[in-house]
Amino acid sequence: MSKLVGCIEAGGTKFICAIGTGADDIRAEVRFPTTTPEETLGQAVAFFKEQQAELGPVAAIGIASFGPVDLNPDSPTYGYITTTPKPGWAHTDVVGAIKAELDVPVAFDTDVNGAAFGEYKWGAGQGLNTFVYFTIGTGIGGGGMVGGQLMHGLLHPEMGHMMVPHDLTEDPYPGHCPFHKDCLEGLACGPAIEERWQTDAANLPEDHKAWDLQAKYLGYLCVNTTLMLSPQRIILGGGVMAQPHLFAKIRSKTQELLNGYVQTPELQDNIDNYIVSPGLGDKAGRLGAIALAQALI
Ligand code: ADP
Ligand code: ZN
């Protein structure tokens, strides 16, 4: 029997906290908007204190957080959200705030590594050792595993900010990224789509040329990822991927751009199984944080 653990999916818009033992056994869950660190982390602590009184103690808490974050256990700022442009949140000691109030081991990783780990345990990454999970939402982020280990390295991957070709005659939109303007996130995150076309992305009809452009940018993402990491699968989640017709366009753009260079069955006849949606849907982040907590104990 897996032990009872807690999780925090710490997003820039909302926090989701839960307690459970696995994907099929979530016993309590709460969500609240991300306001100030004091208020939001305080709400998380209050949830765990209240629920533990009813459900019993949790053995560990896993946190999958928006970033950038410090994941180096030897660093004095391990467990912090570091240089985020989100007002009030730069240099916030997230792990410290939880540990100070709840006396349990805490696992900490990026939101996308957390989601990738959830997919590995219970979703579209099962049985794989090298794969990538992307979220295409308010921003674009990527995480995942290489050789069975979550990717960390120098800091942690920031794949959403990769540079992609930007044809200004086809797409004069300058880009949304505060650091790079027209990196991938700057061109293809949800807010970029909405600013370029001056409407909610959810309202753009399926035959709108916005989606061909979007598929081109996400095709670059899949090609670059394939060439850099040779993943066994690419999982695309996040609010923008709620447009199911995008998958077919992205798959064919990826094949067109690769132009037959990488010869594997996955990239030819079986590409529907190579570029996929998350097996856990929008629950990958919090379930991944549950899995991160369980990996600690
Ligand atoms: P977050 O990235 O904040 O965790 P989401 O992954 O839900 O949140 O992404 C939110 C973004 O996704 C919004 O900014 C919006 O542009 C876009 N989005 C939400 N719903 C849809 C939809 N049905 N179709 C296309 N884009 C959407
Ligand atoms: Zn950028």
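Counting starts at 1 for both ligands and their atoms, in listed order.
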Completion exercise
Vertex the Zn ion (ligand 2), ends H180/ND1 and C177/SG: angle to nearest 10° comes to 100°
Practice task
Provide the full list of salt bridge (Lys or Arg N to Asp or Glu O under 4.0 Å) pairs with a residue in residues 243-271, sequence neighbours left out, each pair given once.
Solution key: R251-D272, K253-E256
Practice task
Scan M162, M159, H161 and name whichever one has a side chain to side chain contact (heavy atoms under 4.5 Å, CB included) with L184.
Solution key: M162
Practice task
Report yes or no: do T40 and T35 form a side-chain donor-acceptor pair below 3.5 Å?
Solution key: yes
Exercise for the section: Might you confirm whether atom CG of D24 has over 12 heavy atoms from other residues, nucleotides or ligands at distances under 6.0 Å? Expected result: no
Exercise for the section: Anything under 30° is parallel, anything over 60° is perpendicular, the rest tilted; go ahead and classify W89 against F66. Expected result: perpendicular
Exercise for the section: Would you indicate whether K216, at its atom NZ, is surrounded by more than 12 heavy atoms from other residues, nucleotides or ligands within a distance under 6.0 Å? Expected result: yes
Practice task
Please test Y274 against T226 for side chain to side chain donor-acceptor pair (under 3.5 Å), starting from the C-alpha separation and ending with a verdict.
Solution key: CA-CA 10 Å; Y274 179 68; T226 300; 2.9 Å; yes
Exercise for the section: Could you check which N/O/S atom of H161 is closest to the Zn ion (ligand 2)? Expected result: ND1
Completion exercise
Per the under 4.0 Å non-hydrogen criterion, ligand 1 touches T13, G137, T138, G190, P191, E194, A201, A202, G238, G239, V240, A242, Q243
